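Everything below concerns the one structure shown next.
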Amino acid sequence: MSRLARVIKESGAPLLGVAAYFYDPIFVEIVAKLGFRVLWIEMEHAFITFSQAADLCRIASGCGMLTMIRISDNRRENVLKAAECGPDILDLPMAESPKDVRMFVQHARFRPDGERGYFSVPRALDYGITDSLPEAQKRLNADLCLMIQIETEQAVNRVAELCAIEGVDIFIGPADLSACLGVPGQTTHPKTAEAVHKCLHSARQHGKLVAVGSPLPDLEFWADQGVDLLFCGNDVACLRIGAQGILQQANAAIHRRKASDPAQ
């Protein structure tokens with residue numbers, strides 16, 4: 001059972017997560033103190049380096065959070081370097097075929113479950129501070145959650161095959177999925193919802209955990225679906241929403257002052 005699965009079993013679902021699109025330890029500490037349980041470290045779209053990703057894993061872990069790194073693709077180099085950072089979850093975007101997924105698993109798991117390259121001193125293995133490296137690798141195979149993102153029509157059409165693959169859980173990407181289905185941005189449109197329900201049905205049939213990244217207006221919809229991990233914000237959105245709120249309050253105070261002073 002993965003670390004994520006154990007925490008969900010102990011705490012109940014869904015766990016709430018937030019994404020880091022840039023390197024800011026202060027943000028990580030703030031969201032941890034506020035009560036977010038999982039930090040998503042974004043390496044597909046954002047400019048976070050592997051060194052920074054490892055630091056964010058250290059910081060978040062020290063604050064009691066689980067961590068997820070979303071890599072850009074399933075190339076061996078990307079999978080290995082992200083795995084050595086010691087996250088709790090590795091997430092593969094745009095997973096569309098069993099071949100893609102099996103390659104991801106092959107690079108991320110040590111033998112006999114995969115073909116992950118031997119490296120004795122990564123953060124993921126406590127820098128080699130262990131009585132038995134093979135036993136530590138075996139534990140890590142069990143602890144590390146591998147997630148595949150279902151976010152295209154092709155992936156939805158093959159979701160039963162993808163969910164049947166042992167050792168992976170699923171992450172539904174409603175934004176890309178809605179665009180792929182011809183209704184961009186309409187993440188609860190009937191077309192999108194139909195695809196989502198197909199994914200959820202298959203995931204439940206195969207005993208998979210389900211994660212999702214949700215815009216704020218859709219949170220109730222996803223909570224109703226019974227997902228296990230719900231990412232509901234990111235550092236850029238937090239900055240924007242906070243700055244907008246401050247500006248609106250300041251402008252409102254100025255307008256009230258002008259309205260109450262006839263001399264203005």
Side-chain angles (χ1 to χ4, degrees), residues 1-7 17-25 27-29 32 37-95 100-149 165-169 171 209 211 229 231 235:
M1 182 183 292
S2 68
R3 284 189 290 259
L4 175 63
R6 292 198 299 269
V7 172
V18 65
Y21 291 169
F22 57 87
Y23 178 75
D24 187 349
F27 174 76
V28 177
E29 282 197 309
R37 302 295 305 279
V38 186
L39 182 72
W40 166 354
I41 301 166
E42 174 55 33
M43 296 188 71
E44 181 190 17
H45 293 286
F47 303 103
I48 291 174
T49 67
F50 284 109
S51 177
Q52 291 172 334
D55 272 351
L56 291 174
C57 285
R58 291 184 186 97
I59 295 161
S61 178
C63 292
M65 299 180 79
L66 298 176
T67 53
M68 181 185 85
I69 296 178
R70 178 162 75 173
I71 54 179
S72 57
D73 56 47
N74 65 356
R75 285 178 299 156
R76 182 176 185 273
E77 178 183 9
N78 280 337
V79 177
L80 282 179
K81 288 184 177 180
E84 307 302 18
C85 292
D88 301 288
I89 309 161
L90 272 186
D91 176 49
L92 176 69
M94 295 289 173
D100 293 337
V101 175
R102 291 193 178 99
M103 184 174 294
F104 175 45
V105 175
Q106 175 182 316
H107 295 331
R109 303 277 192 217
F110 294 107
R111 288 177 170 82
D113 301 328
E115 297 179 11
R116 178 168 168 175
Y118 186 96
F119 184 44
S120 62
V121 292
R123 179 179 183 271
L125 291 171
D126 294 326
Y127 310 102
I129 305 171
T130 176
D131 293 331
S132 169
L133 200 60
E135 285 301 314
Q137 291 174 336
K138 183 178 179 181
R139 286 194 300 272
L140 186 54
N141 272 356
D143 285 343
L144 179 61
C145 174
L146 300 181
M147 284 198 160
I148 57 170
Q149 281 200 235
I165 296 172
E166 187 177 353
V168 296
D169 293 298
F171 189 124
L209 298 177
L229 173 54
F231 288 102
D235 45 15

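Just so we're clear, the structure is a prediction, and the values are computed from it rather than from any experiment. All values below were derived from every heavy atom in this structure, side-chain atoms included, with hydrogens, water molecules and symmetry-related copies excluded.
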Output all residues satisfying side chain to side chain donor-acceptor pair (under 3.5 Å) with [X], sequence neighbours left out; order by chain, then residue number.
X	answer
S120	none
R123	none
R6	D143

Side-chain heavy atoms of [X] within contact of [Y], under 4.5 Å:
X	Y	value
I69	C85	yes
F22	Q52	no
F171	L229	no
L4	M147	yes
T130	L125	no
D235	D24	no
F104	I71	yes

In short, L92 meets D73 closest at the heavy-atom pair CD1-C, 3.5 Å
T67 versus L56, closest heavy-atom pair with distance = CG2-O, 4.5 Å
Quick one: pull up [atom1] in [X] and [atom2] in [Y] and give me the separation to the nearest 0.5 Å.
X	Y	atom1	atom2	value
E44	Y21	CD	OH	10.0 Å
L144	D113	CG	CG	11.5 Å
L146	N74	CG	CG	12.0 Å

Sequence neighbours left out, cut at 3.5 Å: what donor-acceptor pairs do the side chains of residues 131-139 make with other protein atoms?
residue : atom : partner : partner atom : Å
S132    : OG   : E135    : N            : 3.3

Could you tell me whether the side chain of D100 and the main chain of A95 form a donor-acceptor pair under 3.5 Å?
-> no
Counting N and O atoms only, with roles assigned by atom type, does the side chain of N78 sit under 3.5 Å from a partner on the main chain of S72, one being a donor and the other an acceptor?
-> no
Are there more than 12 heavy atoms of other residues, nucleotides or ligands under 6.0 Å from atom CZ of R37?
-> no
Contacts of D88 meeting salt bridge (Lys or Arg N to Asp or Glu O under 4.0 Å) (sequence neighbours excluded), chain-then-number -> R3
R116 meets the salt bridge (Lys or Arg N to Asp or Glu O under 4.0 Å) criterion, sequence neighbours left out, with E84
